[in-house]
Amino acid sequence: MRQIVSFGGGGFSMESGNPLLDEFVLDLTGEPRPKVCFLPSASGDADHYLVRFYRHFPASRCEPSHVSLFRRERAPVEPREHLLSQDLIYVGGGSVTSLLGVWRAHGIDRILRECWEAGAVLCGLSAGSLCWFAEGISTFHGPAERIEGLGFLPWTNTVHYSSEPDRRAALFDGLRAGMSPAYAADDGAALHFVGDDVAQVVASRPSARAYRVELRHGHVVTTQLATRYLGDEACVPLVRRPEPAEPPEPVLVSA
Amino acid sequence: MSEPEPAGSQVPLRSRTILALGGHEFTRKRGNEAIRDYMLALADAVEPRVCLLPTASGDPAEQIAAFRSSLGRSPCRLSHVSLFRLETESVDLERHLLAQDLIYVGGGSMLNLLAIWRAHGIDRVLRRCWERGIVLAGQSAGAMCWFEGGVTRSAGPARVVEGLGFVPGILSVHYHRDDDRRRALIARAAEGGQRGYGIDDGAGILIQGADAVAAVRAPDGAGSWIVAADGAGGAAETELDSIPLPSPRLAIDELPDEVLELRELRRVAARRGAWSRR
């Protein structure tokens with residue numbers, strides 16, 4: 001099952017006291033202690049960001065690791081082998097243009113497609129959310145501009161949707177100029193894609209929403225998507241975390 | 001983005017200047033300061049505009065702070081361009097870079113540096129800067145990027161990666177500190193066809209147009225070498241005659257006797273706890 005969770009914004013990078021989105025992606029792996037690899041490339045592998053990742057993804061909950069593409073001389077491990085062994089690949093925020101440039105230089109774009117096809121959950125926020133789509137709206141270097149992503153998902157993506165009105169205007173212009181139909185998410189909302197399509201929308205804040213935005217008969221039409229607030233105890237996750245396994249029966253090993 | 005360059009704004013090839021440094025940091029170390037002062041003098045302006053590109057390390061705040069603190073007391077106008085951090089005000093990168101007298105590129109991953117520049121179109125802008133005579137300087141990855149190729153560890157083992165190609169030849173930095181880089185350069189040069197340069201930490205080569213016109217050496221730096229095929233299947237290293245750069249501060253053995261005496265008095269007093277440290 002190919003899965004991507006695209007945050008409009010949120011997770012440990014933006015909501016340090018609110019673990020709901022991060023817990024959601026950990027649960028999606030279906031593993032009691034998933035292997036999680038953080039890719040901070042969009043921030044230039046900022047030290048403080050790595051520290052925050054390890055603080056929020058402790059070894060008691062998962063097997064955390066990261067891949068630095070700026071200090072490869074210090075890491076003899078091949079990124080491909082490591083990434084292919086992960087349950088969850090978590091991409092941090094920053095500049096999406098720099099992110100994609102660095103990934104392509106190291107062949108990470110091709111490796112991530114392999115990971116996705118092999119069943120690892122891919123997720124991220126901001127630049128780490130835009131990167132998976134065919135196109136996106138980035139405001140990183142000033143005015144909102146169209147950017148091309150990896151194209152795993154055939155849509156346009158717009159993050160921080162309700163908090164940055166410039167992006168909405170740029171998206172509408174882009175759609176009229178021929179961009180593919182878009183998904184947009186607020187800070188605190190996340191789109192869960194299975195294959196190419198949205199399976200569900202979840203949120204770490206009660207009011208956060210996600211939208212489908214597309215051109216119909218020359219008009220931009222926005223559809224607000226049904227969103228499940230993760231903080232509501234009455235809501236049952238679609239993918240449950242497995243119960244702790246019974247201790248295995250002792251087995252005789254025949255030689 | 002790039003309009004055709006008006007012919008009048010380009011300088012002749014021999015006036016296009018690049019300073020390639022084998023290893024340099026913006027610290028108070030005397031050798032680093034000697035190189036800094038030499039570099040500023042190259043800019044040939046009363047109050048040069050100096051811009052740092054720390055891209056190769058992912059724009060770390062420490063590198064930007066060190067640059068600002070080292071150059072902060074010199075008469076120059078400082079800036080940096082970050083391609084990773086959100087800046088408070090958006091800058092027209094092309095206009096900003098073209099307005100500089102000196103552009104300094106920091107070290108890090110050469111592979112990432114070039115990939116990020118290409119993604120943002122900075123490679124084309126830097127070519128225009130060079131053609132206009134803006135001095136381009138840099139250390140490590142920031143030095144190799146100007147050449148046809150550089151010996152980098154960006155993907156682990158030392159290997160040659162393609163650069164911007166402003167300067168013919170292959171550069172290897174930290175030359176005698178990292179034997180793998182030296183071996184990779186010698187192997188490449190032995191194939192023939194391309195000239196190799198090896199530069200130690202604390203040393204540099206001044207390039208005008210396509211040629212190395214001078215080699216410089218900080219007080220604690222070693223030297224620079226040209227590596228070329230020897231015609232017998234190997235490569236020969238020829239050391240360049242390096243100009244020693246003047247020390248920016250008085251060396252300890254050059255201090256006047258009075259100063260040394262006062263320091264000794266302070267040391268003795270500090271041991272007794274008699275003087276408060278000021």
Side-chain angles (χ1 to χ4, degrees), chain A residues 9 13-14 39-50 66-82 92-109 111 126-128 131 138-145 147-150 160 164 166, chain B residues 1 53-64 80-96 106-123 140-141 145 151-159 161-163 173-174 177-178 180-181 184:
Chain A
S13 319
M14 288 178 70
L39 291 177
S41 327
S43 70
D45 294 345
D47 289 338
H48 62 87
Y49 204 6
L50 279 174
H66 75 277
V67 168
S68 170
L69 298 173
F70 281 86
R71 293 158 212 161
R72 279 190 64 186
E73 72 279 6
R74 293 185 216 157
V77 179
E78 272 303 306
R80 182 173 178 274
E81 196 182 318
H82 181 72
S95 161
V96 69
T97 307
S98 298
L99 171 74
L100 294 171
V102 171
W103 277 1
R104 290 188 173 126
H106 293 267
I108 302 295
D109 50 337
I111 297 169
S126 208
C131 61
S138 169
T139 62
F140 196 81
H141 294 285
E145 54 177 356
I147 55 107
E148 223 176 275
L150 295 175
H160 312 304
E164 296 183 17
D166 285 0
Chain B
M1 182 162 155
L53 286 176
T55 323
S57 303
D59 302 337
E62 307 83 63
Q63 197 181 115
I64 297 163
H80 72 272
V81 166
S82 171
L83 299 174
F84 282 98
R85 309 268 173 282
L86 271 169
E87 302 300 320
T88 44
E89 53 192 285
S90 53
V91 191
D92 180 336
L93 290 181
E94 180 163 14
R95 184 184 295 177
H96 182 75
S109 162
M110 182 183 173
L111 198 59
N112 291 6
L113 174 69
L114 290 160
I116 295 161
W117 279 356
R118 287 181 182 131
H120 291 275
I122 304 289
D123 51 337
S140 196
C145 62
V151 179
T152 175
R153 286 185 171 283
S154 306
R159 68 177 172 96
V161 161
E162 197 188 329
V173 291
H174 314 303
R177 180 149 66 86
D178 185 340
D180 287 350
R181 291 184 195 256

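Throughout, a chain's letter reflects where its sequence line sits, starting with A, and its residues are numbered from 1.
Using a 4.5 Å cut-off between heavy atoms, B/T152 does not touch chain A at all. In this structure, no portion of B/A158 lies under 4.5 Å from any heavy atom of chain A.
The shortest non-hydrogen separation linking B/L83 to A/S98 is O-OG, 2.7 Å. For the residue pair B/L111 and A/A105, the shortest heavy atom distance occurs at CD2-O, 3.8 Å. Of all the heavy atoms in A/F70 and B/I116, the pair that sits closest is CZ-CD1, 3.9 Å.
Between B/F84 and A/S43 there is no side-chain heavy-atom pair separated by less than 4.5 Å.
If you take OG on B/S154 and NE2 on A/H106, they are separated by 6.5 Å, rounding to the nearest 0.5 Å. Distance check: A/S41 OG to B/N112 CG gives 8.0 Å after rounding to the nearest 0.5 Å.
The candidate with the highest count of non-hydrogen atom pairs below 4.5 Å against chain A, out of B/A61, B/P60, B/A115, B/G108, is B/A115.
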